[in-house]
Amino acid sequence: MDVAAAQSVVDESVFYEFERPRQQGRLQRKRAGRGFAACRPWWVGEWFVVSSEYLISFASRTSAQVLTCISLAAVTQVEPDLTQNSIRISYAQELGRAPCDAGHELLLKATEAADVELWVAAIARAQEWL
């Protein structure tokens, strides 16, 4: 194997490490309780993925329709609550806005406290690459 081919293999493995999902699985997302949504259940199950740059949710593991897509660069705080198996994610609606602007929150619930720790760690690792 020549030097160029070896460098290509190294470049591809770094790219794969950067692009592969950090964490994926089913979580419950708390719905906002306004209007018609107030009549529906508070929690809805969705398939979440932490990628290299985004926190993304889909209706199911096989669904191609994105329901939620939050840039990890916009995430300002990740607060785990191991007693409730939940994660509160605060994020800015738009990048470059002032800290005093209204932020948004996403409240997620896992089945176990260990899952909460995995999701928080995956988000932190992905943010290190940004």
Side-chain angles (χ1 to χ4, degrees):
M1 183 181 289
D2 64 5
V3 174
Q7 182 62 40
S8 175
V9 169
V10 170
D11 290 345
E12 288 175 12
S13 67
V14 169
F15 178 78
Y16 175 76
E17 177 62 27
F18 178 74
E19 286 299 318
R20 73 180 173 83
R22 306 301 195 248
Q23 177 77 18
Q24 57 183 334
R26 191 149 187 86
L27 294 172
Q28 301 288 317
R29 178 181 56 84
K30 188 171 185 180
R31 294 180 191 255
R34 292 179 293 176
F36 179 70
C39 299
R40 294 191 260 166
W42 283 101
W43 294 93
V44 60
E46 295 176 6
W47 187 263
F48 280 84
V49 176
V50 175
S51 73
S52 58
E53 296 182 53
Y54 299 98
L55 174 63
I56 309 162
S57 77
F58 304 89
S60 70
R61 184 173 183 262
T62 57
S63 174
Q65 181 181 4
V66 174
L67 300 177
T68 306
C69 183
I70 300 170
S71 169
L72 293 175
V75 172
T76 57
Q77 192 169 16
V78 178
E79 298 176 63
D81 182 345
L82 299 179
T83 61
Q84 298 292 315
N85 296 340
S86 66
I87 309 164
R88 183 177 306 276
I89 300 172
S90 302
Y91 63 98
Q93 181 72 16
E94 298 175 29
L95 292 176
R97 298 187 73 185
C100 59
D101 289 345
H104 296 272
E105 288 187 340
L106 180 67
L107 186 59
L108 305 175
K109 188 177 280 195
T111 53
E112 300 177 4
D115 292 336
V116 170
E117 292 172 339
L118 290 174
W119 283 97
V120 170
I123 292 169
R125 280 193 312 272
Q127 286 183 306
E128 289 174 3
W129 284 82
L130 298 177

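Note that the structure is predicted; figures quoted are calculated from it, not measured. Heavy atoms only: backbone and side chains are in, while hydrogens, waters and symmetry mates are out.
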> Are Y54 and C69 close enough that some pair of their side-chain heavy atoms sits under 4.5 Å apart?
Replying inline: yes
> Between R31 and V44, is there a donor-acceptor pair closer than 3.5 Å when you use the side chain of the first and the backbone of the second?
Replying inline: no
> Between the main-chain N or O of S90 and the side-chain N or O of T76, is there a donor-acceptor pair closer than 3.5 Å?
Replying inline: yes
>> Quick check on R26: does its CZ atom have over 12 non-hydrogen neighbours (other residues, nucleotides or ligands) under 6.0 Å away?
In response: yes
N/O donor to acceptor pairs below 3.5 angstrom from side-chain atoms of residues 106-116, sequence neighbours left out:
from: T111; atom 1: OG1; to: D115; atom 2: OD2; distance (Å): 3.0

> With R88, which residues qualify under salt bridge (charged side-chain N to carboxylate O under 4.0 Å, His left out), at least two apart?
Replying inline: E105
> So how far is it from I70 CD1 to Y91 OH, rounded to the nearest 0.5 Å?
Replying inline: 4.0 Å
>> Testing the basics here: between Q23 and A122, what is the closest heavy-atom pair and its distance to 0.1 Å?
In response: CB-CB, 3.4 Å
>> Can you list everything that forms a side chain to side chain donor-acceptor pair (under 3.5 Å) with T68? Sequence neighbours excluded, please.
In response: S57
> In terms of hydrophobic clusters joined by side-chain contacts under 4.5 Å, are L67 and W47 together?
Replying inline: no
>> Quick check: is V50 connected to V120 through a chain of hydrophobic side chains (ILVMFWY, heavy atoms under 4.5 Å apart)?
In response: yes
> Should I89 and L55 count as side-chain neighbours, where that means a heavy-atom distance under 4.5 Å?
Replying inline: yes
> CD/Q24 to OG/S51 distance, rounded to the nearest 0.5 angstrom?
Replying inline: 10.5 Å
> Closest heavy-atom contact between F58 and Q65?
Replying inline: CD2-O, 3.4 Å
> So, for F48 and R29, which heavy atoms are closest and what is the spacing to 0.1 Å?
Replying inline: CZ-CB, 4.1 Å
> So how far is it from I87 CD1 to L82 CG, rounded to the nearest 0.5 Å?
Replying inline: 9.0 Å
